[in-house]
Amino acid sequence: MSVYVSQKKGCDESGDGSESKPYKTVLKALLAISGDESTTVYVDNVDETADAPFVEISASQKKKQMKLYQAEVRKGKAREQKESEDAHRREEMFQEASKVTISEDTSLERAQELKIRDCSGYRDKRIKVYGWIHNLRRQGKNIMFLVIRDGTGFLQCVLSDKLCQTVDSIQLQTEATVLVYGVLTKVPEGQHAPGGHELICDYWEVVGHSPSGGIESVVTEKSDVDLQLRQKHLVIRWEEHSKILKLRSAITFCFRQYYFDQGYVEVTPPTLVKTQCEGGSTLFSFDYFGEQAYLTQSSQLYLETVLPSIGDVFCMAQSYRAEKAKTRRHLSEFTHVEAECPFITFDGLLERLEDLVCGVCERALASPFKDMLLEVNPDFKVPKRPFKRMLYTEAIQWLKDHDIKNEETGQYYEFGEDIPEAPERKMTDAINEPIFLCKFPAGIKAFYMLKSSDDERLTDSVDLLMPNVGEIIGASMREYRLECTHGRIQKGGNRPYALLLVH
């Protein structure tokens with residue numbers, strides 16, 4: 001009998017020890033044959049010119065590997081012994097715990113059900129709180145500390161004596177759902193707990209148990225990005241990630257608050273559409289009852305249709321871009337904040353954009369989420385007004401003056417070329433203030449952007465660039481002349497009639 005091992009093409013997981021499917025390590029091979037001395041072990045032939053790819057393992061190498069095998073066998077037996085003892089100990093614990101029962105003491109003050117965020121006003125009172133176990137620590141047999149969360153905050157709970165001797169308490173794992181009762185008490189001097197208080201429990205219930213091992217058995221902060229994305233439903237339970245979700249909600253509210261305060265009307269345009277907006281190459285298409293349709297790239301054109309009806313209008317809807325790229329600037333789906341305003345000038349547009357950014361930042365810092373925002377981004381502040389105005393032609397010259405070239409061609413950027421993110425970021429970070437980059441060439445902008453009256457090579461368009469971030473807003477005046485719109489759409493190879501309704 002023989003078994004084959006190959007460092008070059010073997011695999012300990014899928015190999016079976018045959019010549020065509022060898023193991024990768026000798027130790028694995030010895031484990032597979034239970035250390036049978038009569039079995040011949042073949043390994044890679046170091047002489048690559050020889051006809052035979054395998055040769056019998058040398059006696060000295062086999063002796064060395066047998067020692068490793070024997071050590072592994074001893075460890076395996078010790079492991080089995082420990083597992084057996086642990087299982088026996090657990091069985092005894094469960095038998096003992098099954099004799100312990102707990103029930104709520106009805107003679108106590110009736111517990112007030114609260115969210116954790118509201119607990120501060122109920123110190124020295126009996127309350128009850130639902131939540132998920134965020135952290136769990138056992139201290140001997142008679143003390144157990146739980147930190148539970150309910151989405152509004154964290155609460156430390158102390159269980160003692162019979163409360164931590166039940167079957168449920170032995171089975172308890174992080175992420176289990178519980179209901180806890182007790183008196184909310186200020187933590188002793190020199191100790192710390194979320195909110196500065198803890199719940200001294202007099203009763204508790206398990207609403208639902210969780211698998212053993214907790215989230216860390218599936219994914220951790222050190223896991224690769226792809227695994228974290230696949231397990232996103234678990235990752236968002238981490239404190240930092242839950243903060244991002246809450247801040248996203250708060251910032252969304254600030255945008256709406258700003259727009260409503262300025263007299264805008266919110267609409268909810270469709271996201272299943274028949275037309276393109278930003279170019280056909282980035283469209284997600286699908287079959288819509290026998291007709292081709294798309295996921296919208298932007299709701300801009302629909303917003304323009306309602307201008308004559310309700311005036312200043314905005315939406316916060318999903319947009320989709322079919323660009324397969326793993327960068328922070330390429331999202332297949334994102335929440336798109338868009339607005340349209342009739343009867344304004346280009347200078348008026350810039351003033352509105354500046355007021356929007358500063359207004360939203362001011363509202364965020366005045367919201368109940370200010371502290372959380374500064375925890376996530378300690379340097380966050382309202383941008384200084386007025387924002388710097390810079391022409392596209394000035395940006396091209398700035399790049400030349402600072403010897404920043406096109407990495408692909410090795411040449412300086414020239415008029416008519418799009419400025420990619422990297423050089424744009426270098427310029428913005430060096431200037432270190434918000435920049436309205438204005439008046440881009442018509443050849444690199446969309447058909448609906450109004451050509452500048454003083455130079456028809458340019459458009460009344462703008463990108464807002466922020467230091468350490470990059471572009472955060474793209475905007476323009478809209479072409480309002482029917483013949484110009486018609487001509488530019490036809491020049492782009494598109495059918496105009498589907499889009500002319502916006503004018």
Side-chain angles (χ1 to χ4, degrees), residues 82-217 237-239 242:
K82 186 177 183 304
E83 288 174 356
S84 176
E85 291 173 355
D86 288 346
H88 181 68
R89 191 160 47 249
R90 281 196 300 270
E91 183 62 29
E92 288 183 339
M93 287 174 58
F94 274 108
Q95 288 179 1
E96 195 67 28
S98 63
K99 301 173 185 177
V100 180
T101 58
I102 58 174
S103 60
E104 184 180 5
D105 186 346
T106 56
S107 68
L108 295 175
E109 173 191 1
R110 185 173 179 273
Q112 175 73 39
E113 184 177 333
L114 296 176
K115 292 288 187 182
I116 292 175
R117 67 179 172 220
D118 303 322
C119 284
S120 295
Y122 287 81
R123 284 188 179 175
D124 300 320
K125 295 182 179 178
R126 189 166 183 264
I127 64 172
K128 66 177 181 178
V129 177
Y130 285 93
W132 293 269
I133 297 179
H134 192 69
N135 283 318
L136 183 155
R137 178 167 59 90
R138 293 179 172 88
Q139 190 170 300
K141 184 179 179 181
N142 296 317
I143 294 287
M144 189 159 62
F145 294 92
L146 310 179
V147 175
I148 68 171
R149 67 174 192 274
D150 67 350
T152 71
F154 295 85
L155 176 64
Q156 179 168 291
C157 309
V158 183
L159 282 66
S160 60
D161 299 329
K162 290 178 64 176
L163 295 181
C164 48
Q165 296 171 10
T166 63
V167 171
D168 277 339
S169 65
I170 293 174
Q171 294 177 323
L172 204 60
Q173 301 282 340
T174 54
E175 299 306 322
T177 314
V178 295
L179 169 61
V180 290
Y181 294 72
V183 176
L184 190 67
T185 307
K186 183 179 178 181
V187 294
E189 196 72 30
Q191 297 185 18
H192 301 281
H197 47 234
E198 61 188 5
L199 189 69
I200 307 301
C201 295
D202 55 56
Y203 177 65
W204 71 289
E205 300 174 2
V206 172
V207 178
H209 278 291
S210 60
S212 62
I215 292 176
E216 289 73 21
S217 65
R237 300 188 185 199
W238 297 346
E239 192 169 353
S242 67

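Since the structure is predicted, the reported quantities are computational estimates derived from the model, not experimental observations.
- Contact of the E175 side chain with the R237 side chain is registered, since non-hydrogen atoms from C-beta on lie closer than 4.5 Å.
- Within a 6.0 Å sphere centred on CH2 of W238, heavy atoms belonging to other residues, nucleotides or ligands number more than 12.
- Shown here for Q173 and G213, the closest heavy-atom pair between the two residues is OE1-N, 3.6 Å.
- In this structure, Y203 and Y181 have tilted ring planes: the angle between them lies in the 30° to 60° band.
- Q171 has its side chain out of reach of V206: every pair of non-hydrogen atoms, C-beta onward, lies at least 4.5 Å apart.
- Using a 4.5 Å heavy-atom cutoff, the side chains of I116 and I148 are in contact.
- Nearest heavy atom pair, residue R126 against residue E109, reads NH1-O, 2.7 Å.
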| said: side chain to side chain contact (heavy atoms under 4.5 Å, CB included), that's the test. Do V158 and F145 meet it? Break it down for me. | reply: CA-CA 5 Å; V158 183; F145 294 92; 3.8 Å; yes
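- No side-chain donor from either of D168 and T166 sits under 3.5 Å from a side-chain acceptor of the other.
- Heavy-atom minimum distance, L184 versus H197: CD1-CD2, 3.7 Å.
- The backbone N or O of V207 lies less than 3.5 Å from no partner atom in the side chain of T177, so there is not a single donor-acceptor pair.
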| Intermediate values then yes/no, side chain to side chain contact (heavy atoms under 4.5 Å, CB included), R137 and I143 | CA-CA 9 Å; R137 178 167 59 90; I143 294 287; over 6 Å; no
